[in-house]
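Following: one structure in structure tokens, then a few remarks.
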Amino acid sequence: MKHFKSFLAIILLFSISMRLSSQEKKVAVVSFYSNRMIDYKELGLGSEELINNILNLRDNPNFNLNPILEKYHNAFFNDYSSKFPFKLIPENEVTSNQQYKDFVPKYAKTEEDLKNYSVYKDYKYIYEGFNGKANEVGVANIFKDQADGVLFTEIYFSLKKGFGIGGMATIKMKAFARISLYDKNGNKVWVINESADSKKTGVMVGGIPVMSPDKILPMCESALDELMKDLDSNLPKIIKKSTKL
């Protein structure tokens, strides 16, 4: 019995040690943005008129995604971060880092290209994913002495067809979130992709979605609200199944 109690004590100490070790891990969030180009592939359409409407929406000053991005940002740092098995280093330590400011990513965007994105405050747009190894390694190297890894996140939106007859139909918005974690050597640890549909709907007239900001923005916000609910409940389970940093 005495040996059994000693064994349990060792297991408990090991468990606490592992938990503390995990909590001591630190990660730098290095890219945080939203795509302003509303995707339309799920509509099965590709007319010149629709593409022009998408571009006109992007360039419309009333199509302001910043409040929506701010909502995602606040949820990310205030709620989701507590579910990660590591701590996020303060944002100002990332965005004020001179090497980070000077970093020129592969696939850097021109001023014209950057119109496609709403980048949160002082963050940089840095591509991550397929063929993005140079960026993942490069930015991880900047923070290797401060953090055990780097994290990228983005949100984007896509139209999807509801129900209707002929050229008249309803549409919904689908919100997507991608959260990607890399270790200090730029090796992928895990990637989370989540999506959710809006409760609010819009309409298609003559087979073309009505793309005015006052119609599209409420759908984007509704979709993001549903997405954040899903992330809030699914994130712990997703991370539990993932490789630890």
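Taking CZ from F84 and CG from L181, the interatomic distance works out to 8.0 Å, rounded to the nearest 0.5 Å. The structure places CG of L69 at 11.0 Å from CD of E154, a figure rounded to the nearest 0.5 Å. K174 NZ to L224 CG: the interatomic distance, rounded to the nearest 0.5 Å, is 15.0 Å. Rounding to the nearest 0.5 angstrom, the gap separating the CD1 atom in I192 from the OG1 atom in T153 is 9.0 Å. One finds the CG atom of L227 at 12.0 Å from the SG atom of C220 (value rounded to the nearest 0.5 Å). Once rounded to the nearest 0.5 Å, the distance linking CD1 of I216 with NZ of K200 reads 12.5 Å.
Not a single donor-acceptor pair under 3.5 Å links the side chain of N53 to the backbone N or O of M211. Checked by atom type and distance alone, the side chain of S222 pairs as donor or acceptor with a backbone atom of K199 at under 3.5 Å. Not a single donor-acceptor pair under 3.5 Å links the side chain of K184 to the backbone N or O of D148. Counting only distance, with no hydrogens or angles, the side chain of R36 and the backbone of F63 share a donor-acceptor pair below 3.5 Å. Here the side chain of S195 pairs no donor or acceptor atom with the backbone of F176 at under 3.5 angstrom. The closest donor-acceptor contact from the side chain of K124 to the backbone of F103 lies under 3.5 Å. With hydrogens and angles ignored, the 3.5 Å screen pairs no side-chain donor or acceptor of N185 with any backbone N or O of N187. With N193 contributing its side chain and R178 its backbone, the two residues share no donor-acceptor pair below 3.5 Å. Listed for the K101 side chain is no donor-acceptor partner under 3.5 Å among the backbone atoms of T95.
Within the 4.5 Å cutoff, no side-chain heavy atoms of D79 are placed close to those of N74. Proximity of I171 to M219: side-chain heavy atoms (C-beta onward) are separated by under 4.5 Å at one or more points. M37 places a side-chain heavy atom less than 4.5 Å from the side chain of L55. Two residues are said to be in side-chain contact when any heavy atoms from C-beta on lie closer than 4.5 Å; K115 and R58 meet this criterion. S198 is not listed as a side-chain neighbour of T201, based on a closest heavy-atom distance of 4.5 Å or more. Contact check for L65 versus F157: side-chain heavy atoms found under the 4.5 Å cut-off. Contact annotation: the side chain of L43 approaches that of K161 to within less than 4.5 Å [non-hydrogen atoms, C-beta and beyond]. Looking at V205 and M168, their side chains come closer than 4.5 Å, going by heavy atoms from C-beta outward.
Criterion: ILVMFWY side-chain heavy atoms under 4.5 Å apart, direct or through other members. Under it, Y107 and Y156 are not part of a common hydrophobic cluster. Residues V191 and L231 fall into different hydrophobic clusters, defined by Ile, Leu, Val, Met, Phe, Trp and Tyr side chains chained together at heavy-atom separations under 4.5 Å. V94 and V137 are members of different hydrophobic clusters when ILVMFWY side chains are connected at heavy-atom separations under 4.5 Å.
Between F76 and Y80, the angle of the ring planes goes over 60°, which puts this pair in the perpendicular group of the 30/60° scheme. Using cut-offs of 30° and 60° on the angle between ring planes, the pair Y72 and F32 is tilted. Between Y123 and Y100, the two ring planes are perpendicular [angle over 60°; tilted spans 30° to 60°].
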Intermediate values then yes/no, side-chain contact (heavy atoms from CB on, under 4.5 Å), E128 and N135: CA-CA 7 Å; E128 152 298 306; N135 289 342; 5.9 Å; no
V139/I126 under side-chain contact (heavy atoms from CB on, under 4.5 Å): CA gap, chis, key distance, verdict: CA-CA 9 Å; V139 78; I126 303 174; 4.1 Å; yes
Residue pair F152, V29: steps toward the side-chain contact (heavy atoms from CB on, under 4.5 Å) verdict: CA-CA 6 Å; F152 304 74; V29 177; over 6 Å; no
Verdict with reasoning, V27 to K87, per side-chain contact (heavy atoms from CB on, under 4.5 Å): CA-CA 6 Å; V27 166; K87 291 186 177 180; over 6 Å; no
Audit row: N97, E93, side-chain hydrogen bond (donor to acceptor under 3.5 Å, both in side chains) steps and yes/no: CA-CA 6 Å; N97 183 297; E93 290 184 22; over 6 Å; no
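In summary, K83 and D232 engage in a salt bridge, as defined by a charged side-chain N under 4.0 Å from a carboxylate O. Looking at D197 and K160, a side-chain N of the basic residue comes within less than 4.0 Å of a carboxylate O on the acidic one, giving a salt bridge. Under a 4.0 Å N-O distance rule, the pair K133/E136 does not qualify as a salt bridge. With respect to E221 and K71, a salt bridge is recorded, a charged nitrogen being found less than 4.0 Å from a carboxylate O.
Nearest approach of V150 to A140, heavy atoms of both residues: CG1-CA, 3.8 Å. Shortest non-hydrogen contact noted between A28 and A147 is N-CB, 3.9 Å. The minimum heavy-atom distance between P218 and P213, with the atom names listed, is CD-O, 3.8 Å.
A donor-acceptor contact under 3.5 angstrom links the side chains of T110 and D113, judged on distance only. Neither side chain, N66 nor E70, offers a donor N or O lying under 3.5 Å from an acceptor on the other. Side-chain N/O atoms of N92 and K121 include no donor and acceptor closer than 3.5 Å. Side-chain contact annotation: N234 with E194, donor-acceptor N/O pair under 3.5 Å present.
By the neighbour-count criterion of 12 heavy atoms within 6.0 Å, atom NZ of K109 is densely surrounded, having more than that number from other residues, nucleotides or ligands. Crowding of E48 atom CD: a count of heavy atoms from other residues, nucleotides or ligands under 6.0 Å not exceeding 12.
No option in N62, N52, I38 other than I38 meets the side chain to side chain contact (heavy atoms under 4.5 Å, CB included) test with L57.
By the ring-ring contact (aromatic ring centres under 6.0 Å, His included) test, Y125 is found to be paired with Y33, Y117, residues two or more places apart in sequence or in another chain being considered.
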